[in-house]
Amino acid sequence: MTRHFLDLSDAGGDALAAMLGDAMERKAYRAGVPKGAPDGDVPLAGHVLAMVFEKASTRTRVSFDMAMRQLGGSALVLEAGSTQLGRGETIADTARVLSRMVDAIMIRTHDHAKVEELAHYADVPVINGLTDQSHPCQIVADLQTIIEHGKALPGLELAWLGDGNNVLSSIVEAAGLMKFNVRIAVPEGYDPDMRYVSRAREQGARITLSRSAQEAVAGAAVVVTDTWISMGQADSAAKIAAMTPFQVNEALMAHAASDALFLHCLPAHRSEEVTDAVIDGPHSAVWDEAENRIHSQKSILRWVFGQL
Ligand code: CP
Ligand code: NVA
């Protein structure tokens, strides 16, 4: 059966743990190797990944391309606006055609249902490179970063500040699979997707919701935030005003554990959701997190091809 990666649950906890192990092993192997040089075992030699973008991207685009190169394959970018998809060719027909031409498809788009439809009609693996609903690839990199910084996932206390968005949904999903706890502090009207919260709670994760940034961060081992205005959302003064008490600044970080990590998927909006002092400060692991997009995506790619 074709393996798709539309959300972390498509893989499940055991496969996710295997991906994290593989990502860390391959990362260690690459120390000092030029970034474009292939891994010795070239496990995806001859494979091509098509990347469909209906939203902007820096990290996802570059990291998938570099991941494919390092695995011995290659990637091609399809900007939806310059393809027939942008002129109304159906997702189903696009899926059928791409399945005859490439070995896997990554798509970044707005509507999650579009990714599900693509996967339904594709004969090759489909990977969710971010939708309005979730961003699973990002969270594999985040978990790798947390572990590399010496923190075990089971029982970990992670605080999320700001918007109840797509990145949060995937963090909450990961919490259910890997048994850690998420303290969410968001303003009223910006609550997380409760489908992910309910499922994670059923799986035994403690997911709390509060309106107090300080309460959520108190003693937390990891503090995470993201842009207040995600791609495709209207930039509204009212939303920025509601989010302002949830800014991650030094005063707020002082309430976290003394060795707390700060994570942000990037791009950051400095002086909005996070201050320079925090993102450039001693708690920040955001550059490791960005680099880990390559290592973790190599493992996601190996998983969809049945190698993990
Ligand atoms: N974090 C992330 O997905 O970054 P890009 O939007 O640059 O791909
Ligand atoms: N929540 C952000 C993440 C960007 C990587 C967005 O969807 O725009």
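Computation of the quantities below employed the complete heavy-atom set of this structure, encompassing side-chain atoms and omitting hydrogens, waters and symmetry-equivalent molecules. Indexing begins at 1, ligand by ligand and atom by atom, following the structure's order.
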Ligand 2 to Ser230 polar contact by distance, N or O atoms, under 3.5 Å: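 Between Ser230 and ligand 2 (N or O atoms, distance only) the closest approach is under 3.5 Å.
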
Heteroatom distance test (Thr227, ligand 2): nitrogen or oxygen, under 3.5 angstrom: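 No.
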
Considering heavy atoms of the protein only, find what lies nearest to [atom] and give residue, atom and distance to 0.1 Å.
{"atom": "atom 3 (C) of ligand 2", "answer": "Asp226 OD2, 3.6 Å"}
{"atom": "atom 8 (O) of ligand 2", "answer": "Met231 N, 2.8 Å"}
{"atom": "atom 7 (O) of ligand 2", "answer": "Asn166 ND2, 2.8 Å"}
{"atom": "atom 4 (O) of ligand 1", "answer": "Arg59 NE, 2.9 Å"}

Element-labelled atoms of ligand 2 that are located less than 4.0 Å from some non-hydrogen atom of Leu266: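 With Leu266 as reference, the close atoms of ligand 2 come out as 5 (C).
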
Those atoms of ligand 2 less than 4.0 Å from some heavy atom in Leu130: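 Checking each atom against Leu130, I get 3 (C), 4 (C), 5 (C), 7 (O).
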
Are any of the N/O atoms in [X] less than 3.5 Å from those in ligand 1?
{"X": "Arg108", "value": "yes"}
{"X": "Pro267", "value": "no"}
{"X": "Cys265", "value": "yes"}

Pair Asn249-Met253, side chain to side chain contact (heavy atoms under 4.5 Å, CB included): steps then yes or no: CA-CA 6 Å; Asn249 49 40; Met253 282 303 290; over 6 Å; no

Interatomic spacing from [atom1] in [X] to [atom2] in [Y] - rounded to 0.5 Å:
{"X": "Ile207", "Y": "Tyr196", "atom1": "CD1", "atom2": "OH", "answer": "13.5 Å"}
{"X": "Glu289", "Y": "Leu263", "atom1": "CD", "atom2": "CG", "answer": "4.5 Å"}
{"X": "Met66", "Y": "Leu71", "atom1": "CE", "atom2": "CG", "answer": "11.0 Å"}
{"X": "Glu117", "Y": "His112", "atom1": "CD", "atom2": "NE2", "answer": "12.5 Å"}
{"X": "Arg195", "Y": "Glu173", "atom1": "CZ", "atom2": "CD", "answer": "11.0 Å"}

Flag for Asp39-Gln70: side-chain donor and acceptor within less than 3.5 Å: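 Checked: Gln70/Asp39 side chains show no N/O donor-acceptor pair below 3.5 Å.
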
Which atoms of ligand 1 are found less than 4.0 Å from any heavy atom of [X]?
{"X": "Leu266", "answer": "1 (N), 2 (C), 4 (O)"}
{"X": "Thr58", "answer": "5 (P), 7 (O), 8 (O)"}
{"X": "Arg293", "answer": "1 (N), 2 (C), 3 (O)"}

Ring-face cation contact, Tyr29 with Arg26, 6.0 Å cut, 45° max: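 No, Arg26 and Tyr29 do not form such a contact.
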
Cation over ring face, Arg3 and Phe305, 6.0 Å, 45°: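 Judged by the rule (NZ or CZ under 6.0 Å from the ring centre, within 45° of its axis), Arg3 is not positioned above Phe305.
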
Worked check of side chain to side chain contact (heavy atoms under 4.5 Å, CB included) between Leu143 and Phe180: CA-CA 11 Å; Leu143 300 184; Phe180 62 91; 3.9 Å; yes

Under-4.0 Å heavy-atom contact with ligand 2, by part of Thr60 that carries it: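 It is neither; nothing of Thr60 touches ligand 2.
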
